[in-house]
Amino acid sequence: MQQQIISKLTAELIEAEEKLVPVTPLSERYPELSVKDSYGIQLEWVQKKLDEGRVVIGKKVGLTSKAMQNMLGVNEPDYGHLLDHMKVTSGSVLSRHDFIKPKVEAEIGFILKEDLCGPNVTYVDVLMATEAVVPALEIIDSRIEDWKIQLVDTVADNGSSARAVIGEPFYEIEQIDLRTLSMTLLKNGELTATGAGAAALGHPAHAIAWLANKLADYNISLKAGELILPGALSAAIDADAGDEITAAFGKLGTVSISFHD
């Protein structure tokens, strides 16, 4: 695809985010749009944010669970970048008006102590490079109208990223079986979803290994100190003004976020 079109679509998505007015699906208007083109849009979006003074603080893997793949009609994971303005502390209250149509999903976040460079990263490498794990919520929000997204749409839209809500780090990771670690997701005190670490490609560290190896195609590595979100443990739930959403991960702890009008 021509660079001119990639730059045009990048500008569209930036404007949609700033004005909170979604655009019609890119996949409908440009059926020839490839996944590689979409990552080109995402990377141009990131560069423009860096030019504005933003800082990359981590990465996220999306669509690792079958529930999320089925929900959005795709059959492979994607990834996006986490920037400094996206990080939110557990217990914070956010304005619903800062989003278009937000959804929330629960994840086990990883904080790295060493770089991870593909293409031959294994899940054991990921565990050895991990300093701590954290209970996390990812707020996703599509700049594509009504969440009518295909894989190319969400990839171009930085993996539909919006915010990363982070709880207290847990450093004794050898004390937790991340594959079987259970998660309960509550909305206004009512149970809405359950899951386990295995939902993210069988083990969340597998999802991060996939990411490190995928990023090698673009000469990007995962950096020490970065926060990596390996994907949702259940389908995302809608969030609106007045909602409080909490995820409990057993020994790992809890994380919560609230929305006001």
Side-chain angles (χ1 to χ4, degrees), residues 13-14 16-22 42 45-46 48-50 52-65 68 71-72 78-111 133-144 147 149 154-169 183 185-188 192-193 200 204 211 225-249 253-261:
L13 291 169
I14 289 173
E17 180 188 23
E18 291 173 348
K19 296 185 177 180
L20 299 177
V21 178
Q42 180 185 138
W45 178 92
V46 170
K48 288 187 178 299
K49 295 293 183 180
L50 296 179
E52 294 171 2
R54 296 296 185 194
V55 177
V56 174
I57 61 163
K59 315 286 192 310
K60 53 95 33 126
V61 188
L63 310 179
T64 52
S65 73
M68 285 302 294
M71 184 172 144
L72 299 180
D78 69 342
Y79 74 85
H81 290 71
L82 301 176
L83 305 182
D84 54 333
H85 72 286
M86 297 180 181
K87 189 175 180 180
V88 179
T89 303
S90 177
S92 297
V93 181
L94 303 178
S95 171
R96 169 63 180 82
H97 297 294
D98 288 339
F99 305 92
I100 298 171
K101 200 172 183 180
K103 300 175 183 287
V104 179
E105 50 191 31
E107 309 192 27
I108 301 168
F110 284 58
I111 298 172
V133 289
V134 294
L137 296 170
E138 186 183 2
I139 302 172
I140 54 176
D141 194 24
S142 184
R143 273 62 64 171
I144 307 297
W147 280 96
I149 59 174
T154 186
V155 166
D157 193 23
N158 193 36
S160 305
S161 298
R163 302 288 188 278
V165 186
I166 306 303
E168 288 294 322
M183 180 280 297
L185 189 60
L186 296 93
K187 180 176 177 179
N188 302 324
T192 59
L211 175 61
E226 285 191 333
L227 167 69
I228 312 297
L229 297 180
L233 304 187
S234 70
I237 60 173
D238 294 332
D240 212 338
D243 287 339
E244 179 181 11
I245 297 171
T246 300
F249 295 85
T254 63
V255 58
S256 66
I257 195 70
S258 299
F259 294 85
H260 68 78
D261 200 355

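- Closest of all the heavy-atom pairs between Ala232 and Thr64 is N-OG1, 4.0 Å.
- A pairwise comparison of heavy atoms in Lys187 and Ile237 identifies CB-CD1, 4.1 Å as the closest pair.
- Between atom CZ of residue Arg143 and atom CD1 of residue Ile149 there is a gap of 10.0 Å, rounded to the nearest 0.5 Å.
- A donor-acceptor contact shorter than 3.5 Å is absent between the side chain of Ser256 and the backbone of Ser90.
- Side chain of Arg96 to main chain of Leu94: no donor-acceptor pair is present (N/O by atom type, distance under 3.5 Å, no hydrogens or angles).
- Remark: the backbone N or O of Val155 is paired with a side-chain donor or acceptor of Gln42 at under 3.5 angstrom.
- Remark: of the listed residues Ile140, Ile139, Asp240, Ile139 is the sole one forming a side-chain contact (heavy atoms from CB on, under 4.5 Å) with Phe99.
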For this session: Could you walk me through whether Val56 and Leu83 pass side-chain contact (heavy atoms from CB on, under 4.5 Å), step by step?
Result: CA-CA 4 Å; Val56 174; Leu83 305 182; 3.6 Å; yes
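- Of all non-hydrogen atoms in Leu227 and Ala164, the two that sit nearest each other are CD2-CB, 4.3 Å.
- Taking CD1 of Ile257 as the start and OG1 of Thr246 as the end, the distance is 9.5 Å to the nearest 0.5 Å.
- Looking at Asp78, its side chain never comes within 3.5 Å of a backbone N or O of Gly159 through a donor-acceptor pair.
- Across Ala247 and Leu137, no two heavy atoms sit closer than the pair CB-CD2, 3.7 Å.
- At a threshold of 4.5 Å between non-hydrogen side-chain atoms, the residues Ile57 and Glu226 do not count as touching.
- Judged by distance alone, with hydrogens and angles left aside, the side-chain atoms of Thr192 form a donor-acceptor pair with the main-chain N or O of Leu185 at under 3.5 Å.
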Exercise. Which is it for Leu20 and Asp98 under the side-chain contact (heavy atoms from CB on, under 4.5 Å) test, yes or no, and what are the steps along the way?
Worked result: CA-CA 8 Å; Leu20 299 177; Asp98 288 339; 5.5 Å; no
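- For the 3.5 Å distance criterion, the side chains of Ser142 and Ser160 fail to qualify, holding no donor opposite an acceptor.
- Proximity of a side-chain donor or acceptor of Asp238 to a complementary backbone N or O of Lys103 within less than 3.5 Å is not detected.
- Remark: the backbone N or O of Phe259 is not paired with any side-chain donor or acceptor of Asp243 at under 3.5 angstrom.
- For the atom pair Leu211 CG and Phe110 CZ, the distance stands at 12.0 Å (nearest 0.5 Å).
- Atoms CE and CG, from Met86 and Leu229 in turn, are 10.5 Å apart once rounded to the nearest 0.5 Å.
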Exercise. Can His81 and Ser161 be said to form a side-chain contact (heavy atoms from CB on, under 4.5 Å), step by step?
Worked result: CA-CA 8 Å; His81 290 71; Ser161 298; over 6 Å; no
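- Taking 4.5 Å as the limit, every side-chain heavy atom of Glu107 sits out of range of all side-chain heavy atoms of Val61.
- Using a 4.5 Å heavy-atom cutoff, the side chains of Glu17 and Lys49 are in contact.
- Taking each heavy atom of Ile100 and Ala16 in turn, the nearest pair found is CD1-O, 4.0 Å.
- Residues Val104 and Ala239 share a closest heavy-atom pair of CG2-CB, 3.9 Å.
- A distance of 9.0 Å separates CH2 of Trp45 from CG of Leu50, quoted to the nearest 0.5 Å.
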